[in-house]
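For reference, the structure discussed in these notes is given below.
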Amino acid sequence: MKTQEEIKTPLCPAKELEYKAGEVVTKEIFSNGNGSVTLLAFAGGAMLARHSVPFDVFVYVMEGAVEFEVEDQRQHLDADDAILLPANSPHTVLALKDSKVLLTKVKA
């Protein structure tokens, strides 16, 4: 996680992570009691199993394409697309190709 001093300096989120075959790589950029900002690099075909979190979640796809299944409805997101998930919404994420995602959680 970044220190207070590092947070004041610019960063290029898409360059913060590298892909690993078959995996989802994560890096937390910032976190406090009200939420967090996390980067995810999905290798094509990698998946996050169905889960939910007690935060409102804003997801921005920086590169690639992912499919979200949210409360049994599929949503296709390409680079520069975003989705907002209310707290406790069950969802699954599948990378349709190598993809990088910026995830912001905000206390509900």
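Owing to the predicted nature of the structure, the values given are computational and were not obtained by experimental measurement. If you read the sequence from its start, that first residue is 1, and numbering goes on from there.
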**Backbone N/O of F42 and side chain of K100: donor-acceptor pair under 3.5 Å** =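 No.
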
**Asked** Roughly how far, to the nearest 0.5 Å, is the CZ atom of F55 from the NZ atom of K107?
**Response**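 With rounding to 0.5 Å, NZ (K107) is 8.0 Å from CZ (F55).
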
**Request:** Could you tell me the separation between the CG atom of L94 and the CG atom of L48, rounded to the nearest 0.5 Å?
**Result:**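 If I round to the nearest 0.5 Å, the distance is 10.0 Å.
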
**Request:** Test S99 against E63 for side chain to side chain contact (heavy atoms under 4.5 Å, CB included), laying out the working first.
**Result:** CA-CA 5 Å; S99 302; E63 47 183 71; over 6 Å; no

**Asked** Can you tell me if D81 and Y60 form a side-chain donor-acceptor pair at under 3.5 Å?
**Response**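 Judged by distance alone, the side chains do not pair up.
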
Would you say that [X] contacts [Y] through its side chain, given a criterion of any heavy-atom pair below 4.5 Å between the two side chains?
X: K105; Y: D56; result: no
X: L39; Y: M62; result: yes
X: H91; Y: L85; result: yes
X: I29; Y: P13; result: no
X: S89; Y: E71; result: yes
X: V37; Y: L102; result: yes
X: L103; Y: V57; result: yes
X: Q75; Y: I83; result: yes

Closest approach of [X] and [Y], non-hydrogen atoms and distance?
X: A49; Y: H51; value: O-ND1, 2.7 Å
X: G22; Y: A43; value: N-CB, 3.5 Å
X: G64; Y: V61; value: O-CG1, 4.0 Å
X: A87; Y: P54; value: CB-C, 4.0 Å

**Request:** Only one of L96, L77, V59, D78 passes side chain to side chain contact (heavy atoms under 4.5 Å, CB included) with V66; say which it is.
**Result:**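 The option that passes is L77.
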
**Request:** Please check if Y19 and V93 belong to a single hydrophobic cluster, counting links between Ile, Leu, Val, Met, Phe, Trp and Tyr side chain heavy atoms closer than 4.5 Å.
**Result:**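 Per the 4.5 Å side-chain linkage, Y19 and V93 are not co-clustered.
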
**Prompt:** When hydrophobic residues are tied together by side-chain contacts of less than 4.5 Å, even through go-betweens, does F58 share a cluster with L11?
**Reply:**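 They do share one cluster, since a chain of ILVMFWY contacts under 4.5 Å joins F58 to L11.
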
**Request:** Show the numbers, then the answer: is there a side chain to side chain contact (heavy atoms under 4.5 Å, CB included) between T92 and M47?
**Result:** CA-CA 7 Å; T92 304; M47 180 179 200; 3.0 Å; yes

**Prompt:** For R50, does the CZ atom sit with more than 12 other heavy atoms under 6.0 Å from it, leaving out its own atoms?
**Reply:**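 Enclosed: over 12 neighbouring heavy atoms sit under 6.0 Å from CZ of R50.
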
